[in-house]
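What follows is a set of notes on a single structure, which appears directly below.
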Amino acid sequence: MSQQTITKETVKSSSEHTPQCLFCSTSLNHTLVDLGMSPLCESILSVDRVNQMEPFYPLHVRVCSNCFLVQLEAYVSPEHIFTEYAYFSSFSDTWLAQCKAYTDNVVERFGLDQDSHVVELASNDGYLLQYFVDKNIPVLGVEPATNIAKVAIEKGIPTLNEFFGEDCAKTLVAQGKAADLIAANNVIAHVPNLNDFIAGIKILMKPGGVFTGEIQHLMRLMELNQFDTIYHEHFFYHTLSTLETIFAAHGMTIFDVEELPTHGGSLRIYARHTDDQTKPVGDRVIDLRQREAAAGFTSLERYTHFDEQVRETKRKLLNFLIKTKQEGKTIVGYGAPGKGNTLLNYCGIRTDFLDYTVDRNPYKHGKFLPGTHIPVYHPDKIKETKPDYVLILPWNVKDEIMEQMSVIREWGGKFVVPIPEVTVYP
């Protein structure tokens, strides 16, 4: 597959001008997509910060010609992004239902009980671990965002407010807190020191233990034109093939994979120690590996046409918005997700197009979106102003939102979903 054997010890000399692959250190000379300059997508602004300078960073995504890992440069440290974070997992009903179903499944499949230990990395507000607690299974969350860890602790979820890596894993093992199950949902994309993070998993996992991780699937991102899910907090964009390469370099094997609808298309991988032969590699791994190869994801050519596809989507969305405003219609947003901020900043959509947006998360009310400074209100604001169109920014939960906000049909309002292309729902 590659021009060199990849191990975690692989090191190449750095170049002053060319970024290096954050896994295998190869020079990154190939672009997947360049979304220009954008602020940090979760850095929502309070009133006193609206008129202050905002830092913008490049959203230039590259692909490694050696291991095919798609990635952003680490322009900003995780400490800067995640020490105070605006994303609380418990505000999506769909997501919580999936987490409960996952808990029921893994408890039965791997025989977890009160003598087991479950650790979640980037455990957020305890949205997942609460379901293990309900089953009297001992848990520990590791969450770097201080404000969110505090919420989890107040819920009764034991939580360590720290960034996870080799050192953290060694400390936990020394304290007798090795894990039968390690979960990490939508976090492997968020850690630029990828090798340190995966090495920590290897250390923390008991000899017969299991790691499960949910990761956005690059194949689906590209197929469905989900470029707005690219932002600075997401350093990596994975295929099963890249994940297998990374875990193998650290002495682990992916033995099962599920394809999920989450975030527009995600993978749930199951990994074990490579020398644990009690969990054979299943047919779903072999099948997806073959499908990715057939779709070209193990050759550089597959990655080179996405940039123009994204530009065309921008043009179509702006054409719709311009035409609608010229007709004297009103447009507001629903949601204040990270993906929405990428879309709005890349397309240059501000209050000249969107009067405001709304969100269920009270943390965001009375604040402003980064870069565009679009104000955020409670969803009841939509009933007050009766807009003609509601642009759904978290399109991955569009069905849930259209059901929650079906009231807009009383005055003839319509929903607009921007991805994979502009679609109007009556």
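This chain uses plain numbering: 1 for the first residue, then up along the sequence.
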**Study point:** Side-chain ion pair, R302 and E223, N-O less than 4.0 Å
**Key:**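 Here R302 does not pair with E223 in a salt bridge, since their nearest N and O are not under 4.0 Å apart.
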**Study point:** Lys/Arg N to Asp/Glu carboxylate O, K202 vs E166, below 4.0 Å
**Key:**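 Answer for the salt bridge query: no.
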Exercise for review: Would you name the heavy atoms of L343 and P418 that are closest together and state the gap between them?
Suggested key: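 So the minimum-distance heavy-atom pair works out to CD2-CG, 3.8 Å.
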Practice item. Please report the shortest heavy-atom distance between M205 and A271, naming the atom on each side. Key: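 Smallest interatomic distance, heavy atoms only, reads SD-O, 4.1 Å.
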**Study point:** Qualifying residue for side chain to side chain contact (heavy atoms under 4.5 Å, CB included) with V33, from L59, V70, V61
**Key:**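 That would be V61.
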**Study point:** The single option from T159, V133, L128 passing side chain to side chain contact (heavy atoms under 4.5 Å, CB included) against V139
**Key:**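 By the side chain to side chain contact (heavy atoms under 4.5 Å, CB included) criterion, V139 pairs with just one of T159, V133, L128: V133.
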Exercise for review: Please lay out, stage by stage, how K279 and Y270 fare under the test side chain to side chain contact (heavy atoms under 4.5 Å, CB included).
Suggested key: CA-CA 10 Å; K279 304 173 185 72; Y270 295 75; over 6 Å; no
[Y] and [X], any side-chain heavy atoms less than 4.5 Å apart:
X    : Y    : value
Y231 : N341 : no
V358 : V332 : no
R284 : D256 : yes
E120 : Y127 : yes
I230 : H234 : no

Practice item. Establish, from distance only, whether the side-chain atoms of H217 and H238 form a donor-acceptor pair under 3.5 Å. Key: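 Side chains of H217 and H238: no pair found under 3.5 Å.
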Review point. Quick one: are the ring centres of Y303 and Y237 less than 6.0 Å apart?
Key: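 Ring centres of Y237 and Y303 not closer than 6.0 Å.
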Exercise for review: Assert yes or no for the condition that the ring centre distance of Y346 to F227 is strictly below 6.0 Å.
Suggested key: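 So the answer is yes for these two rings.
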